[in-house]
Amino acid sequence: MASPVRVRFAPSPTGYLHVGGARTALYNYLFAKKHGGHFILRIEDTDQERSTEESLHMQIGDLQWLGLNWDEGVDPQTLKSKGDYGPYRQSERLDIYKKYCDQLLDEGRAYFDFRTDEELEAIKKAGDKFVRIPRPDSIPTAEDGRKRIAAGERAAVRFKVDGGKDHVIEDLVRGEVRLPEDMVGDFVILRSSGMPVYNFCCAIDDALMKITHVFRAEEHLSNTLRQKMIYEALGFETPRFGHLSLILGKDKQKLSKRHGATSCHQYKELGYLPEALNNFIALLGWSSPKGDEYLTPEALLEQFSIDRLNPSGAVFDDEKFKWLNATHLRALPHQELWKRLKPWLDRENIVLPEDEAWVDRALEIFKTKMETLADGVELFRPIDMKFFKIEEDAKEVLDWEDSNKVFTAWREQVQGMTTDYMTGDEFAEAQNKVKDAAGVKGKHLFMPIRVAIIGKAHGADLKMLVPLITKESLLERLDKVEAR
RNA sequence: GUCCCUAUCGUCUAGAGGCCUAGGACACAUCCCUUUCACGGAUGAGACACGGGUUCGACUCCCGUUGGGGACGCCA
């Protein structure tokens, strides 16, 4: 009987969640859900210099925004550990690491290294690839080491790598991977400050938390060797590993800050939808068995399987992401789309009618022009009278000799309105009357009208646009255009 | 430099030895729809890095070359 699936996402709280991290979290989440397993959030905050409580909040917020909810780990509200294998913050597990470190020390699998930074630097400069103890007999016994520490000396603890042996892992995405022990030196497991190091904590936690599968980025392949040695030295069973391809920037280098937006938070601020981000990053290294590109969260969960994970790196293409976001946006029910757009409009103090029918009509015409929620702001802005202004591209239209005739005839039609809003059909009729009265047709007819409505020469279909604006507002706009 | 990973259109990818005249998506071009701009529809251009094997037969398997990436921290 196979043990229940337990996977984890283990970010270090240093800034917002990176899209690469988000994809790792997504795959782990999907894998857990797919197998009725547990998805665990563990916080790797052993780097006290860089880890902050603020970052932890940011990371948790991003994960929640993406809807990647975890079954065990740090509680999103209280930040306290929740689950049977806690605590889930490495900074709260120090005594556990200490215990295992002592065990390795006592068994001679690890040793104290009293060399100073300067000495190590010199060894490196001298060209020694790895920082090994040059003379094995100079390694202090665990007992001596502890005495010297007690006497006030400082030492890091290093794991002793025998070397020579090849480790083979059956990687879930790459197949058989051979890792020679000689590719790593005696690595530090406990800093001289007493704080344990990532590779050590990670191995112990994965073992103690009964993690069965580890999906993480390819950059961890060499760490896998270190962790495997720790597992073996401590008698733990190793989980299965799956190393994901890296997400690259346009220049094919690992995606980083200099490539522009790289964090989930930035994309959220740019007006992207979480379901679109999940969809897009899922496709960077995985493909739908049905060949689908647009995948709802439900479809993603239904179709996901690790056998379609791709081992080669993938470039993050903003263009395609934008298209996918637009697709998700347009698929949203109007009520839902409005709910998401509202905060953007509120932030800009754009005030619009709120009744469902109006919103429905407005979204119907504007959503085809919206790729992100942010686009909605500029689309809706001119509908709020206080933001009405004549755009640059409209100036030329105003100079056409027929435009004034059109304005006059248009004013007459608007003044004749007996209701607050014109319907599309009423507008078509009114437009015909303007055509006859002004003796103008084609773009010389409708462009001036559009300018008199939104201040722009191009935009949504007038038949759709006019019914969004009240008679009073239409007249006011006309006043401004004529008074320009 | 050493080790590890990787290699199909510009980009994301499908392809598990004959189904491939290599399929789809984004982007691009043209056309249609449209009295604007979009949406939508149609069509088109566009790739198996190279060299050796293995095989009756390689995009698919093996080896090498080259390219790309990653790791070589008391970061994670």
Side-chain angles (χ1 to χ4, degrees), chain A residues 10-14 21 44-47 49-51 90 113 115-117 120 124 127 129-131 154-158 171 173-175 177-185 187-199 201-202 216-226 243 245-246 248 250-254 280 283-294 307-308 310-324 326-327 330 364-371 379 393 397 431 435 441-447 449-450 456-463:
Chain A
S12 57
T14 55
E44 313 223 316
D45 55 354
T46 55
D47 183 351
E49 304 277 294
R50 298 198 301 152
S51 302
Q90 292 185 329
D113 183 355
R115 289 174 297 180
T116 61
D117 286 347
L120 295 173
K124 246 191 216 162
K129 195 162 56 156
F130 301 124
V131 188
R154 285 168 71 86
V157 176
R158 286 183 187 273
D171 193 274
V173 346
R174 276 152 221 281
V177 177
R178 188 168 300 269
L179 304 165
E181 247 175 33
D182 293 313
M183 79 189 272
V184 297
F187 55 93
V188 170
I189 58 176
L190 198 73
R191 298 175 172 96
S192 50
S193 64
M195 187 59 78
V197 156
Y198 164 74
N199 276 301
C201 302
C202 183
R216 50 154 58 144
E218 186 192 338
E219 59 201 5
H220 285 290
L221 250 178
S222 66
N223 287 327
T224 303
L225 173 60
R226 296 185 179 89
H243 288 92
S245 61
L246 257 14
L248 280 17
K250 274 237 166 295
D251 56 0
K252 300 235 180 198
Q253 306 274 53
K254 186 163 79 162
F280 182 68
L283 258 17
L284 256 27
W286 174 83
S287 59
S288 151
K290 299 193 328 208
D292 293 349
E293 303 279 340
Y294 165 77
D307 57 358
R308 296 190 69 83
N310 191 317
S312 56
V315 174
F316 191 100
D317 179 8
D318 276 301
E319 287 299 327
K320 185 161 183 177
F321 183 25
K322 215 171 231 180
W323 165 79
L324 200 51
T327 305
R330 288 167 197 148
E364 189 59 40
I365 66 168
F366 287 142
K367 73 175 177 184
T368 61
K369 309 176 76 75
M370 248 193 267
E371 289 188 308
L379 253 17
D393 76 333
V397 175
Q431 189 178 231
K435 182 170 77 180
K441 60 181 179 176
K443 68 176 189 177
H444 288 266
L445 168 68
F446 58 79
M447 276 199 175
I449 296 180
R450 181 176 287 106
K456 291 192 276 194
H458 300 284
D461 181 12
L462 286 171
K463 211 175 156 192

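No experiment lies behind these values; they were computed from the predicted model shown. These values consider heavy atoms only, across backbone and side chains, with no hydrogens, waters or symmetry-generated copies. Chain letters run A, B, ... following the sequence lines, proteins first and then strands; every chain starts at 1.
- The partner of B:A58 is absent, by the rule that a Watson-Crick or G-U pair needs both atom distances under 3.5 Å.
- Residues A:Leu221 and A:Arg174 approach most closely at CD1-CD, 4.3 Å, considering heavy atoms.
- Between A:Thr46 and B:A76 there is a side-chain polar atom (N or O) within less than 4.0 angstrom of OP1 or OP2.
- Atom CG of A:Asn310 and atom P of B:A16 are 15 Å apart (whole Å).
- For A:Leu225 and B:C5, the CG to P distance is 12 Å, given to the nearest whole Å.
- With values rounded to the nearest 0.5 angstrom, A:Asp117 atom CG is found 9.5 Å from A:Arg154 atom CZ.
- The CZ-P distance, from A:Arg191 to B:C74, rounds to 9 Å in whole Å.
- The residue A:Gln253 sits close only to the backbone: its heavy atoms come under 4.0 Å of sugar-phosphate atoms, none of a base.
- Both distances falling under 3.5 Å, in either a Watson-Crick or a G-U wobble arrangement, place B:U30 opposite B:A42.
- Minimum atom distance to the side chain of A:Pro180 is reached by B:C3, of the listed B:C5, B:A27, B:C3.
- In the set B:C4, B:A76, B:C74, the nucleotide with an atom closest to the side chain of A:Ser12 is B:A76.
- In this structure, CZ of A:Phe187 is placed 17 Å from P of B:A71, rounded to the nearest angstrom.
- Here, B:U8 and B:A47 have their C1' atoms 6 Å apart, quoted to the whole Å.
- Note on A:Arg308: only backbone sugar-phosphate atoms sit closer than 4.0 angstrom, heavy atoms only; bases stay farther off.
- Nearest heavy atom pair, residue A:Glu293 against residue A:Leu283, reads O-CD2, 3.3 Å.
- In this structure B:G1 sits in a base pair with B:C72, meeting the Watson-Crick or G-U test at under 3.5 Å.
- On the P atoms, B:C72 is 30 Å away from B:C61, given to the nearest whole Å.
- Using P as the reference atom, B:A27 and B:C33 are 22 Å apart when rounded to the nearest Å.
- The side-chain contact (heavy atoms from CB on, under 4.5 Å) with A:Leu225 is formed by just one residue from the set A:Val177, A:Asn199, A:Leu179; it is A:Leu179.
- Using bins of under 30°, 30° to 60° and over 60° for the plane-to-plane angle, the ring pair A:Phe316/A:Phe321 lands in the perpendicular bin.
- One finds no salt bridge joining A:Asp461 and A:Lys463 here, because no Lys/Arg side-chain nitrogen approaches an Asp/Glu carboxylate oxygen to under 4.0 Å.
- A distance of about 16 Å separates the P atoms of B:C39 and B:A25, rounded to the whole Å.
- Nucleotide B:A76 holds its C1' atom 11 Å from the CG atom of A:Asp45, rounded to whole Å.
- Heavy-atom minimum distance, A:Glu218 versus A:Ser245: OE1-CA, 4.3 Å.
- When the C1' atom is compared between B:U34 and B:G41, the two are found 13 Å apart, to the nearest whole Å.
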Check nucleotides 28-36 of chain B against the protein and report each pair of N or O atoms closer than 3.5 Å, with its distance, or say if there are none.
{"unit_1": "B:U35", "atom_1": "O2", "unit_2": "A:Gly442", "atom_2": "N", "d": "3.4"}
{"unit_1": "B:U36", "atom_1": "O2'", "unit_2": "A:His458", "atom_2": "ND1", "d": "2.5"}
{"unit_1": "B:U36", "atom_1": "O2", "unit_2": "A:Arg450", "atom_2": "NH1", "d": "3.2"}
{"unit_1": "B:U36", "atom_1": "O2", "unit_2": "A:Arg450", "atom_2": "NH2", "d": "3.4"}
{"unit_1": "B:U36", "atom_1": "O2", "unit_2": "A:Gly459", "atom_2": "N", "d": "3.1"}
{"unit_1": "B:U36", "atom_1": "O2", "unit_2": "A:Gly459", "atom_2": "O", "d": "3.3"}
{"unit_1": "B:U36", "atom_1": "N3", "unit_2": "A:Arg450", "atom_2": "NH2", "d": "2.7"}
{"unit_1": "B:U36", "atom_1": "N3", "unit_2": "A:Gly459", "atom_2": "O", "d": "2.6"}
{"unit_1": "B:U36", "atom_1": "O4", "unit_2": "A:Asp461", "atom_2": "N", "d": "2.9"}

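- Closest of all the heavy-atom pairs between A:Asp45 and A:Gln90 is OD1-N, 3.3 Å.
- Nearest to the side chain of A:Glu218, among B:C5, B:A76, B:C74, sits B:C5.
- The nucleotide whose nearest atom lies closest to any side-chain atom of A:Thr368 is, among B:C39, B:C5, B:C74, B:C39.
- When the P atom is used for both B:C63 and B:U54, the distance is 15 Å, rounded to whole Å.
- Nearest heavy atom pair, residue A:Asp317 against residue A:Phe280, reads O-CZ, 3.4 Å.
- Across all strands shown, A:His220 has heavy atoms under 4.0 Å from base atoms, whether or not it also approaches the sugar-phosphate.
- Across the protein-nucleic acid pair, A:Arg174 atom CZ and B:C4 atom P stand 14 Å apart, rounded to whole Å.
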Any N/O pairs under 3.5 Å between the protein and nucleotides 9-12 of chain B? List them or say none.
{"unit_1": "B:U11", "atom_1": "OP1", "unit_2": "A:Lys252", "atom_2": "NZ", "d": "3.3"}
{"unit_1": "B:C12", "atom_1": "OP1", "unit_2": "A:Val315", "atom_2": "N", "d": "3.0"}
{"unit_1": "B:C12", "atom_1": "O2'", "unit_2": "A:Leu283", "atom_2": "O", "d": "2.9"}
{"unit_1": "B:C12", "atom_1": "O2", "unit_2": "A:Lys320", "atom_2": "NZ", "d": "3.3"}

Indicate every side-chain donor-acceptor pair of residues 190-197 of chain A with a distance under 3.5 Å to a residue at least two apart or in another chain.
{"unit_1": "A:Arg191", "atom_1": "NH1", "unit_2": "A:Thr46", "atom_2": "O", "d": "3.3"}
{"unit_1": "A:Arg191", "atom_1": "NH1", "unit_2": "A:Pro196", "atom_2": "O", "d": "2.9"}
{"unit_1": "A:Ser193", "atom_1": "OG", "unit_2": "A:Met195", "atom_2": "N", "d": "3.3"}

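- When heavy atoms are screened at a 4.0 angstrom cut-off, A:Arg178 is found touching the sugar-phosphate backbone but no base atom.
- Neither OP1 nor OP2 of B:C4 sits under 4.0 Å from any side-chain N or O of A:Ser222.
- For A:Asp182 and B:A71, the CG to C1' distance is 15 Å, given to the nearest whole Å.
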Look for any protein N or O under 3.5 Å of an N or O in nucleotides 58-62 of chain B and output each such pair with its distance, or none.
none

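- For A:Ser312, the listed nucleotide lying nearest its side chain is B:A7; candidates were B:C4, B:A38, B:A7.
- For A:Leu221, counting side-chain heavy atoms from C-beta on, the closest listed nucleotide (B:C5, B:C39, B:U13) is B:C5.
- For B:C39, the glycosidic angle deviates from 0 by 90° or less, giving a syn base.
- A distance of about 27 Å separates the P atoms of B:C56 and B:C48, rounded to the whole Å.
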Look for any protein N or O under 3.5 Å of an N or O in nucleotides 40-48 of chain B and output each such pair with its distance, or none.
none

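- Rounded to whole Å, the distance from NZ on A:Lys290 to C1' on B:G23 is 18 Å.
- The ring-ring contact (aromatic ring centres under 6.0 Å, His included) test applied to A:Phe446 returns no partner, not counting sequence neighbours.
- Shown here, B:C20 forms no base pair; nothing in the strands shown gives a Watson-Crick or G-U wobble contact with both key distances under 3.5 Å.
- In a base pair of the Watson-Crick type (N1 to N3 plus N6-O4 or O6-N4) or a G-U wobble (N1-O2 and O6-N3), with each distance short of 3.5 Å, B:U35 is matched with no nucleotide.
- Nucleic acid contact class of A:Lys254 (heavy atoms, under 4.0 Å, all strands): sugar-phosphate only.
- The CD1 atom of A:Ile365 sits 9.5 Å away from atom CE of A:Met370, with the distance rounded to the nearest 0.5 Å.
- A:Asn223 comes within 4.0 angstrom of a nucleotide base, judged by non-hydrogen atoms across all strands.
- Within the nucleic acid shown, A:Ser192 comes within 4.0 Å of at least one base atom, counting heavy atoms only.
- The same atom, C1', is picked in B:G68 and in B:C31; the two are 39 Å apart, to the nearest Å.
- Of the nucleotides present, B:U11 is the one that pairs with B:A25 by Watson-Crick or G-U wobble criteria, both distances under 3.5 Å.
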